[in-house]
Novice: 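To start, I am sharing the structure in question, which I have written as structure tokens.
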Number of protein chains: 2
Amino acid sequence: MDDPASCETTDDYDVRQWDTREGCEVRQILDRVADKWSLLVIALLDCQSLRFSELRREIDGVSQRMLSVTLRHLERDGLVSRTVHPVVPPRVDYALTPLGRTLHETIKALVTWTEDHQREIAEARAAYDRGREMMDA
Amino acid sequence: MDDPASCETTDDYDVRQWDTREGCEVRQILDRVADKWSLLVIALLDCQSLRFSELRREIDGVSQRMLSVTLRHLERDGLVSRTVHPVVPPRVDYALTPLGRTLHETIKALVTWTEDHQREIAEARAAYDRGREMMDA
DNA sequence: CCGAATCCACGACGATACTG
DNA sequence: CAGTATCGTCGTGGATTCGG
């Protein structure tokens, strides 16, 4: 973390390429991960497969449409697998692919960071807001 | 990664709490990180401080307004520090705080994941799209 | 039960013009 | 140079409805 070497230009990625334009995939994946429901779906499917209606129940507030759209996107990116059982009534199971599992592992780090620092952030916000109130006076 | 133990309920975070409602900070941080310009700003400020105009030049396509808004948000969350030099013409330097640096470290993991797997994702998308075209026929 | 299609509201973003 | 203010546009996501 405090390693000064990490500040060298030896970084193996080019910051400029995080942009949307050109063949930059980072932005696309980030947008996918960060959209409103994907993260929840990935987390819920970790180590278990769930039906559409089960996901809908578990994820409080998601609309049928958005869950459907989200799952379609995740499926297209190879992060989630979709299995249709030819029965009546229809039954569809969703599960994480190996690729999806590796992504979840990576994301957990970010979630952990957030939890570890949310107090600091809350304090920073409070301090900032106090400063703004002084201005008004 | 393949550790089955990671699938146990020993997970130290509750997936349901990733939701926007209630006192969930994860969503807020994720939204902040994932917005259009924050990531770029954080990456550029890693290990160097930059002026407003320098950031504007480096980040292709950002509007003056959005850069301003982005910096204000990052500053409020304690991720970026703002230093005004009382000279004419005005000079303002932005730099990453220690907190911001730890976040950047965490995010790098996600960027690295994306780069490592973008080929797999591209192939999954191609396969998915091929399947859809079959449907139409 | 699963999910696609349509319509609409709202917030994010960009362009422009204006201050200290 | 470093912003703020105002306005118009556009995409995302919610509600609803219909089909397989």
Side-chain angles (χ1 to χ4, degrees), chain A residues 18-21 27-28 30-41 44-45 49-76 80-95 128 131-132 135-136, chain B residues 18-21 27-28 30-41 44-45 49-76 80-95 128-129 131-133 135-136:
Chain A
W18 290 11
D19 199 57
T20 311
R21 283 161 286 282
R27 189 77 245 166
Q28 295 178 35
L30 202 61
D31 286 343
R32 166 82 53 256
V33 168
D35 75 10
K36 197 167 181 182
W37 307 109
S38 292
L39 201 54
L40 240 359
V41 169
L44 281 169
L45 290 181
S49 79
L50 290 173
R51 305 179 54 178
F52 186 88
S53 53
E54 289 172 334
L55 282 168
R56 188 146 157 59
R57 255 195 309 277
E58 294 281 358
I59 304 176
D60 190 55
V62 71
S63 66
Q64 199 171 23
R65 171 181 135 80
M66 286 317 297
L67 180 55
S68 183
V69 170
T70 300
L71 287 167
R72 216 60 62 239
H73 283 161
L74 293 174
E75 185 193 358
R76 187 171 112 95
V80 160
S81 65
R82 180 171 180 270
T83 311
V84 182
H85 296 93
V87 297
V88 289
R91 177 192 176 97
V92 182
D93 283 320
Y94 291 93
Y128 180 91
R132 301 285 291 186
M135 305 285 287
D136 297 343
Chain B
W18 290 11
D19 200 54
T20 311
R21 282 160 286 282
R27 188 78 246 164
Q28 294 177 34
L30 202 60
D31 287 344
R32 168 81 52 259
V33 168
D35 75 9
K36 197 167 180 180
W37 307 110
S38 292
L39 201 53
L40 240 1
V41 170
L44 281 168
L45 290 181
S49 79
L50 290 172
R51 306 177 54 175
F52 186 88
S53 54
E54 289 171 334
L55 281 168
R56 186 145 156 63
R57 255 194 309 279
E58 295 280 357
I59 303 177
D60 188 55
V62 72
S63 67
Q64 196 170 28
R65 173 182 136 78
M66 285 318 297
L67 180 56
S68 182
V69 170
T70 300
L71 286 168
R72 218 59 64 237
H73 283 162
L74 293 172
E75 184 193 359
R76 188 171 111 94
V80 160
S81 66
R82 179 171 180 272
T83 312
V84 181
H85 295 94
V87 297
V88 287
R91 178 193 176 96
V92 182
D93 283 319
Y94 291 94
Y128 181 90
D129 292 344
R132 301 286 290 186
E133 284 178 8
M135 305 284 285
D136 298 342

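In the text below, chain A, chain B and the rest are named by the order of the sequence lines, each starting its count at 1.
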Novice: If you assign each of B/Arg57 and B/Val69 to its closest nucleotide in DNA chain D, which residue comes earlier from the 5' end?
Specialist: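 Result: B/Arg57.
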
Novice: Which listed nucleotide (D/dG13, D/dC1, D/dG3) is nearest to the side chain of B/Arg51?
Specialist: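 Ranking D/dG13, D/dC1, D/dG3 by closest atom to the B/Arg51 side chain puts D/dC1 first.
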
Novice: Measuring from the side chain of B/Val92 (C-beta onward, heavy atoms only), which nucleotide among C/dC2, C/dC13, D/dG3 has the closest atom?
Specialist: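 Among the listed nucleotides, the one closest to the side chain of B/Val92 is D/dG3.
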
Novice: Among C/dC1, C/dG3, C/dC13, which nucleotide has an atom closest to any side-chain atom of A/Arg72?
Specialist: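 Side chain of A/Arg72 sits closest to C/dG3.
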
Novice: Between C/dC2, C/dG14, D/dG3, which nucleotide has the shortest distance from any of its atoms to the side chain of B/Trp37?
Specialist: C/dG14

Novice: Find the distance B/Gln64:CD to C/dT19:P and express it as a whole number of Å.
Specialist: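 In whole Å, C/dT19 P lies 14 Å from B/Gln64 CD.
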
Novice: Checking B/Arg65 now: which residues fulfil salt bridge (Lys or Arg N to Asp or Glu O under 4.0 Å) with it, not counting sequence neighbours?
Specialist: none

Novice: If you check every side-chain atom of B/Lys36, which of D/dG14, C/dC13, D/dC1 has the closest atom?
Specialist: C/dC13

Novice: Using a heavy-atom cut-off of 4.0 Å across all strands, would you classify B/Arg56 as base, sugar-phosphate, or nothing?
Specialist: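 Nothing, no heavy atom under 4.0 Å.
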
Novice: Rounded to the nearest angstrom, tell me the gap between atom CZ in B/Phe52 and atom C1' in C/dG20.
Specialist: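 So the CZ-C1' distance, B/Phe52 to C/dG20, works out to 15 Å.
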
Novice: Which listed nucleotide (C/dC1, C/dG20, C/dC2) is nearest to the side chain of A/Pro89?
Specialist: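 Taking heavy atoms from C-beta onward, the closest nucleotide is C/dC1.
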
Novice: Would you mind telling me which of D/dG13, D/dG20, C/dG3 lies closest to the side-chain atoms of A/Ser68?
Specialist: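 The answer is C/dG3, which lies nearest to the side chain.
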
Novice: Whole angstrom is fine here: how far is it from CZ in A/Arg132 over to P in D/dG3?
Specialist: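 Atom CZ in A/Arg132 sits about 11 Å away from atom P in D/dG3.
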
Novice: Side-chain contact, heavy-atom cut-off 4.5 Å: A/Leu50 with A/Val41?
Specialist: no

Novice: Whole Å only: how far is the CG atom of A/Asp31 from the P atom of D/dG13?
Specialist: 10 Å

Novice: Between atom CG in B/Leu67 and atom P in D/dT4, what is the gap in whole Å?
Specialist: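 Checked: the CG to P distance equals 11 Å.
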
Novice: With sequence neighbours left out, what residues match B/Arg72 under side chain to side chain contact (heavy atoms under 4.5 Å, CB included)?
Specialist: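 So B/Arg72 forms a side chain to side chain contact (heavy atoms under 4.5 Å, CB included) with A/Tyr128, B/Ser68, B/Glu75, B/Arg82, B/Tyr94.
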
Novice: Does D/dA2 have OP1 or OP2 sitting under 4.0 Å from an N or O in the side chain of B/Ser53?
Specialist: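 Answer is yes, contact under 4.0 Å.
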
Novice: May I have the distance from A/His73 (atom NE2) to D/dT12 (atom C1'), rounded to whole angstrom?
Specialist: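 Answer to the nearest Å: 11 Å.
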
Novice: Just how far, in rounded Å, is P of C/dC1 from CZ of A/Arg91?
Specialist: 12 Å

Novice: For side chain to side chain contact (heavy atoms under 4.5 Å, CB included), just list the numbers for A/Leu74 and A/Arg32, CA-CA rounded to whole Å, side-chain angles, deciding distance to a tenth of an Å, and then say yes or no.
Specialist: CA-CA 8 Å; A/Leu74 293 174; A/Arg32 166 82 53 256; 3.9 Å; yes

Novice: How close or far is atom P of D/dT12 from atom CG of A/Asp35, stated in whole angstroms?
Specialist: 10 Å

Novice: Do B/Leu55 and B/Val62 have side chains that get closer than 4.5 Å, going by heavy atoms?
Specialist: no

Novice: Using a cut-off of less than 4.0 Å, is there contact between a side-chain N or O of B/Arg65 and OP1 or OP2 of D/dT4?
Specialist: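 It does not, given that no N or O in the side chain of B/Arg65 lies less than 4.0 Å from OP1 or OP2 of D/dT4.
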
